[in-house]
Amino acid sequence: MTQSTRTEETLADLNQPSLWSGINAYRSDPLIVDLTSGLPRSIRDDLEQMGRFVTSHEAQELARMANQGVPQLRTHGPRGERLDVIEFHPAWHALMRRSMSIGLHSSIWDPQADPEAKGEAHRVRAARFYLTAQLECGHLCPLTMTSASVAAMMAAPAVQKDWAPKILSRKYDSSNKPAMQKSAVTIGMGMTEKQGGTDVRANKTSAEKVSEGIYRLSGHKWFMSAPMSDAFIMLAQTGDGMGCFLVPRLLEDGSANGLQFQRLKDKVGNRSNASSEVEFSDTFGFLLGAPDGGIRTILDMVTLTRLDCALASTGIMRASLAEAVHHARGRSVFGKMLVHQPIMTRVLADMALDVAAATALSFRLAEAFDKARDSAEEAAFARVMTPVAKYWCCKIAPGLIYEAMECIGGSGYIEERPIARHYREAPVNAIWEGSGNVMALDLLRVLNRGRDLFEMVFAGLARDLGPAGKKTIEVLRAAMALCERDEGAARLLIEQMALAAGAAELYRLGAGKIADAFIETRLAGGWRSTYGMLDSRFDAAYIVDLLYPPAT
């Protein structure tokens with residue numbers, strides 16, 4: 001008998017369940033299997049392979065090491081020269097290498113990425129992103145921004161032509177060289193400044209025109225994400241208004257482009273990824289779009305990053321609850337397995353409903369992105385529901401993951417478990433790319449420009465909700481009318497829309513009993529502040545076993 005076998009037997013005697021590891025995160029998730037069932041077999045096989053990888057010991061160790069060995073900023077060299085480079089743990093590079101090899105940074109723009117799934121690029125990438133988020137979210141930040149940056153570059157075809165081939169490349173290159181000398185590049189973002197934060201119209205960074213399409217920037221950024229990137233999408237004030245720029249980190253001769261990193265942020269979570277404060281002067285950038293159209297240009301990028309925020313939050317909720325259910329199935333308390341204790345069963349089932357709805361809603365949004373060009377209804381769904389999905393999926397994640405941690409108990413409150421990393425990671429997606437209030441205001445912005453888009457979305461929701469549709473849409477219209485009189489009520493509307501859309505998608509997928517329980521407890525139920533208050537008429541054990549089937 002080996003030492004490891006004796007250890008496992010001893011732990012079993014001590015009523016300690018095995019760790020959530022080596023269990024296929026794709027195959028053990030009936031909802032994601034259903035959501036991807038129409039994709040080609042080759043892609044589903046790829047997802048199954050990813051599902052095995054993300055819970056493997058090897059992958060979990062990479063995630064652990066990347067977050068413990070946090071990035072280090074080297075501002076100066078031994079002779080006092082400015083370096084402004086950031087060093088990462090080798091595990092970070094391993095995660096980046098793998099995720100770039102599967103195209104998380106580029107596949108939606110590459111017609112050769114998944115030719116057998118034509119017209120479904122966003123949905124295919126969403127599945128890969130969702131599974132990867134269950135492993136480690138920090139390294140997804142630069143991949144999200146790199147993918148989304150192409151939307152901003154499309155406002156400057158000449159810039160896009162030069163940079164797109166480097167973005168589409170899947171050969172990760174971490175070398176500190178000019179972008180055009182590398183096999184592939186990553187793109188970061190610099191929007192917020194100290195005096196404005198979310199109010200980017202208050203930005204003071206200035207941009208002076210040097211020649212056609214080229215400007216010289218001076219100023220600072222309070223949060224510049226992924227500062228090791230090869231270039232950054234930035235906002236700066238031109239003589240005509242707010243402009244959007246692509247700013248290389250290094251010039252073509254390898255010299256610095258005026259960016260001086262002041263410090264790295266000591267963040268609560270997202271620790272494997274670097275975020276910085278930066279000051280710059282005489283820094284050259286390429287104008288993207290009109291010199292006064294910067295906010296409009298960068299919002300094309302932000303829309304895509306908001307989808308990723310929803311997907312990442314959904315992924316870590318799924319991983320956390322799967323870990324909690326697995327633990328409850330392997331631990332005996334008061335004479336029976338923890339998962340069979342009535343209160344625990346209802347807590348797990350209640351959380352499972354939210355994770356299911358968040359997953360369904362996030363993938364429905366990805367599908368709308370795929371179809372928006374050819375369908376006015378899908379375009380309306382994408383515009384209206386992007387802030388809704390981002391708001392709700394990200395907003396519920398911290399509380400849900402905490403509850404899952406409590407289900408595990410004291411051993412859930414230790415850094416050795418993946419759930420600790422998920423818990424620290426959860427708040428960033430709600431804050432990044434627009435906090436909850438910003439999402440609510442964005443939804444009101446659409447409403448103030450007219451109800452046409454809302455009515456198209458409502459028609460689809462009413463159809464998918466079936467018998468519950470008429471009453472639900474009446475509730476949403478009442479919330480709309482309230483918001484037209486009272487801006488402060490915007491969170492009522494955005495949350496009700498999220499709940500209705502999540503339920504509608506569950507019905508559309510055929511998850512009738514799950515959808516029934518979700519809509520009755522969320523839209524028809526009274527206000528609740530914690531999980532576990534399902535009515536006895538809902539079969540909690542059925543919900544848990546259906547959405548989190550026991551390992552075989």
Side-chain angles (χ1 to χ4, degrees), residues 42-43 46-47 49-50 53 62 66 85-86 88 90-118 120-122 124-129 131-133 135-136 138-189 225-234 245-254 257 272-274 285-286 288 300-301 304-305 307-308:
S42 60
I43 293 175
D46 174 57
L47 295 175
Q49 181 180 353
M50 286 188 65
F53 173 73
L62 289 175
V85 296
I86 298 157
F88 291 83
W92 163 273
H93 296 298
L95 291 167
M96 288 288 290
R97 190 176 300 112
R98 182 179 179 89
S99 290
M100 286 188 73
S101 73
I102 61 175
L104 292 185
H105 68 300
S106 64
S107 61
I108 61 172
W109 307 107
D110 186 356
Q112 303 304 315
D114 295 291
E116 68 274 37
K118 187 176 180 181
E120 297 183 291
H122 283 283
V124 172
R125 179 181 176 275
R128 291 174 175 146
F129 197 92
L131 288 172
T132 306
L135 171 61
E136 206 284 321
H139 81 289
L140 291 177
C141 177
L143 302 180
T144 284
M145 290 185 294
T146 302
S147 176
S149 70
V150 178
M153 290 185 202
M154 292 174 74
V159 175
Q160 182 189 3
K161 181 180 178 182
D162 288 340
W163 286 78
K166 298 294 183 180
I167 291 174
L168 294 184
S169 171
R170 298 189 178 192
K171 297 180 180 178
Y172 175 59
D173 187 344
S174 61
S175 62
N176 189 38
K177 296 189 297 189
M180 294 303 127
Q181 297 178 25
K182 299 180 64 171
S183 60
V185 299
T186 58
I187 310 295
M189 180 189 288
S225 299
M228 68 293 177
S229 299
D230 299 287
F232 308 94
I233 305 294
M234 284 193 190
F245 301 87
L246 176 70
V247 179
R249 185 167 57 83
L250 300 177
L251 298 175
E252 293 179 3
D253 63 0
N257 189 19
S272 68
N273 175 51
F286 301 102
L288 303 178
D300 291 337
M301 175 180 180
L304 293 172
T305 62
L307 170 60
D308 280 6

Exercise. Taking side chain as C-beta onward, heavy atoms only, is S107 less than 4.5 Å from F129?
Worked result: no
Exercise. ring-ring contact (aromatic ring centres under 6.0 Å, His included) with Y172: which residues, sequence neighbours excluded?
Worked result: H93
Problem set entry | Backbone of D308 reached by a side-chain donor or acceptor of T144 within 3.5 Å | no
Exercise. R125 and L143: which non-hydrogen atoms are nearest, and at how many Å?
Worked result: NH2-O, 4.4 Å
Exercise. Can you tell me if CD on Q181 sees more than 12 non-hydrogen neighbours from other groups inside 6.0 Å?
Worked result: yes
For this session: Would you name the heavy atoms of S169 and A184 that are closest together and state the gap between them?
Result: OG-CB, 3.6 Å
For this session: Would you list the pairs meeting salt bridge (charged side-chain N to carboxylate O under 4.0 Å, His left out) in which at least one residue belongs to residues 95-117, sequence neighbours left out?
Result: D114-R128
Exercise. How many angstroms lie between CG in L246 and CD1 in I233, if you round to the nearest 0.5 Å?
Worked result: 4.5 Å
Exercise. Looking at residues at least two apart in the chain, or sitting in another chain, which of them share a side chain to side chain contact (heavy atoms under 4.5 Å, CB included) with A226?
Worked result: P142, M145, M228, S229, N273
Problem set entry | Test side chain to side chain contact (heavy atoms under 4.5 Å, CB included) applied to A274 - qualifying residues, sequence neighbours left out | P71, I86, F88, P227, L264
Problem set entry | Student check: side-chain heavy atoms of I167 and W109 closer than 4.5 Å | no
Exercise. Is there a side chain to side chain contact (heavy atoms under 4.5 Å, CB included) between E120 and I43 once you walk through the steps?
Worked result: CA-CA 11 Å; E120 297 183 291; I43 293 175; over 6 Å; no
For this session: Taking the side chain as every heavy atom from C-beta outward, state whether H122 and L304 have any pair of such atoms under 4.5 Å apart.
Result: yes
For this session: Calculate, to the nearest 0.5 Å, the distance between atoms CG and CE belonging to L288 and M234 respectively.
Result: 12.0 Å
Problem set entry | side-chain hydrogen bond (donor to acceptor under 3.5 Å, both in side chains) partners of S106, counting only residues at least two apart | none
For this session: Locate the shortest heavy-atom distance separating A91 from A66; write the atom from each residue and the value.
Result: CB-N, 3.8 Å
For this session: Check L131 against L47 and note the closest heavy-atom contact, atom names and distance.
Result: CD1-O, 3.7 Å
Problem set entry | Smallest separation among heavy atoms of M100 and T186, with atom names | SD-CG2, 4.3 Å
Scan the side chains in residues 147-161 for donor-acceptor partners under 3.5 Å anywhere in the protein, sequence neighbours excluded, and list what turns up.
unit_1, atom_1, unit_2, atom_2, d
S149, OG, T146, O, 2.7

Exercise. Out of N176, D230, L250, which one pairs with K182 under the side chain to side chain contact (heavy atoms under 4.5 Å, CB included) rule?
Worked result: D230
